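Below is one structure, written out as structure tokens, with a few remarks after it.
Chain letters run A, B, ... following the sequence lines, proteins first, then strands; residues in each count from 1. Worth knowing before you read on, the calculation uses all heavy atoms, side chains too, and leaves out hydrogens, waters and symmetry mates. All values derive from a computational prediction rather than experimental measurement.
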There are 2 protein chains.
Amino acid sequence: MLERIHLAIVREVDRQGSLTAAANVLCLSQSALSHTVKKLEHQLGIDIWLREGRSLKLTQAGEYLLGVANRVLPQLAYAEERMREYAKGERGTLRIGMECHPCYQWLLKVVSPYLANWPDVDVDVKQKFQFGGIAALFGYEIDLLVTPDPLYRPGLRFEAVFDYEQVLVVGRKHPLAVTSYVKPEQLADEILIAYPVAIDRLDIYNQFLMPAGIMPKRHKVIETTDIMLQMVASGRGVAALPRWLVEEYARKVEITPVRLGAKGISKQIFLGVREADLDIDYLSAFIGQARQPFSTTDKDTEQRS
Amino acid sequence: MLERIHLAIVREVDRQGSLTAAANVLCLSQSALSHTVKKLEHQLGIDIWLREGRSLKLTQAGEYLLGVANRVLPQLAYAEERMREYAKGERGTLRIGMECHPCYQWLLKVVSPYLANWPDVDVDVKQKFQFGGIAALFGYEIDLLVTPDPLYRPGLRFEAVFDYEQVLVVGRKHPLAVTSYVKPEQLADEILIAYPVAIDRLDIYNQFLMPAGIMPKRHKVIETTDIMLQMVASGRGVAALPRWLVEEYARKVEITPVRLGAKGISKQIFLGVREADLDIDYLSAFIGQARQPFSTTDKDTEQRS
DNA sequence: ATAATTGATTACTTTTTCTCATGGATTGCA
DNA sequence: TGCAATCCATGAGAAAAAGTAATCAATTAT
């Protein structure tokens, strides 16, 4: 039988590079590991490592086991963590995953009052998912998914918690800054600055430019909002961001929001959770808190649509 | 520590409804389960079941553990299944290394029927090796080497799987197109197009031009076969390729093969494997499949020598 | 009532796991 | 090149863990 210790050994030998070093980390003798490994290989009927000289190298089967270890061991570790919390009557860790950049800005505003109300709850924010946020939610990598794209699946529950308008940001001296709204054609000669994500996931493309068959003169990728907006302010290009975010930055940077199309692009942020988790009080409390327009000390922010 | 058996117990007690019944399914005595459960609850510091009369009811922590069990146990079971497949040689990744361009063309023909026969085997093709293909084979970077240059070493086994003739390719209107074979001197005024590899590894040089002390007017390097042959077709140069490959392309492109020298240059493709791997059946199956002239839907291809 | 079933407990046995000591092999360094 | 250090494998025995049998007390079904 494949036991936890076997996975731990595979992972640790890989991390440490040798059986001896792994043994120390695992608080076992080198001999114990050697015996255990031998026995496991015998039971499975296949080698996990190739013995090359005095070092070990994973076989294909070993590589696979390493993958299993890296997936399963964290689940067990988290389960134990959770059990400890149950035992102490404590609250747990709320692991929040995010799939969009504006989500992050929004989250920052929701998290701080939440942390004040739930001092015993830790919040972890993750942003990278190998197989997407939904998979991470199903795989118990995260407990809460913040996303603009809800995907209704059995076992999951999504709820819209925030409406906002996606607008074009231009420098204050930009010709478009004075127009009441912008048409797709008007972007044909612009440099469009965006976050590094697939183009078909950017609203300004799939809801605005693409339907009109227009492409900007150039597409430029920038990681951070601050730099992005400084580029916009200096007239190096335009970008698309949530209106509330733009208005907040507009105090510090020379930028102006402009509506995208006559009707504007309206967006929502959704929270996704596993149905089974809905009775975890600190989790449902987060959703409840997120549902209300966030209380803020920023007057500007209240102008959002 | 939370072990596999603990999760199995939680799941089985839930399924069977009682400790005693679960014990039977798990091939353990009721006493053993009772002990194990007691110990686990003590270690975790929290009850997993509420004892109500003579029956058990999951606590909140227990419910959570049950969820973990239902998620994690199947992963382990699947991993074991996979390991069994690895052990039986039914599954694996066949990492194929290649050292020549014609090898690649040939490989394409062998791989597709193989993949159909071995749906659980992945094929990886690598073409760059820091210390050469043989070293990659020894170093377990690859499992199979496709090469025109066998190198017999202890621990390795090479086998010729394919004979072909290396010919000159010229455009159909080229003066040489009508000759029955070409002499080295006749290439002295030609532009010779070749893949980007060291000149001394090109057969047309080391078996044909160099022995005669002749060099072409110019040596031109091109990456891809398609472009290379279009250049040849348009009269911009000549190239050296396997006859079967030329004949296949001759349907689409205006090119003709011409024998190199009166006797022609005959070549072989070899497969190299580690002797220790010969009993891996999906690997030996590949060699077996490669050994036979590839079955093809291309009639042209059967004309190869 | 009473017979049957369930989980808990104790004492004991068996199995598994771990360590120690040691050896052979490889590698790095003087 | 030769020596020291390091690595993994192995056998024997100690320590720990997990298992069983027998029995008890409590609950449930008839």
Nearest 0.5 Å please: distance from the CE atom of B:Met1 over to the CG atom of B:Leu44. 12.0 Å
Could you tell me the separation between the NE2 atom of A:His42 and the P atom of D:dT10, rounded to a whole number of Å? 12 Å
So what does B:Ser34 hit on the nucleic acid, given a heavy-atom distance under 4.0 Å: a base, only sugar-phosphate, or nothing? base
Base contacts versus sugar-phosphate-only contacts with protein, heavy atoms under 4.0 Å: please encode nucleotides 19-27 of chain D as B, S and - from 5' to 3'. SBB-----B
Between D:dA17 atom P and A:Arg4 atom CZ, what is the distance in whole Å? 16 Å
Assess the side chains of B:Thr225 and B:Tyr195: does a donor N or O sit below 3.5 Å from an acceptor N or O? yes
Using the salt bridge (Lys or Arg N to Asp or Glu O under 4.0 Å) criterion, which residues pair with A:Arg153? Sequence neighbours excluded. none
Expressed in angstrom and rounded to an integer, what is the separation of A:Asp47 atom CG from D:dA9 atom P? 10 Å
Distance (rounded to the nearest 0.5 Å) between A:Leu145 CG and A:Lys126 NZ: 12.5 Å
Whole angstrom is fine here: how far is it from CG in B:Leu40 over to C1' in D:dA17? 15 Å
Assign the ring pair B:Tyr78 / A:Tyr64 to parallel, tilted or perpendicular, where the plane angle (0 to 90°) is split at 30° and 60°. perpendicular
Would you say the side chains of A:Glu99 and A:Gln127 form a donor-acceptor pair under 3.5 Å? no
With a 4.0 Å cut-off (strictly under) to non-hydrogen atoms of chain B, the first and last hit nts on DNA chain C, 5' to 3', are C:dA4 to C:dA11
Tell me whether A:Asp143 is salt-bridged to A:Arg274, with the criterion being a basic N under 4.0 Å from an acidic carboxylate O. yes
Enter the distance from A:Ile142:CD1 to A:Met98:CE here, rounded to the nearest 0.5 Å. 10.0 Å
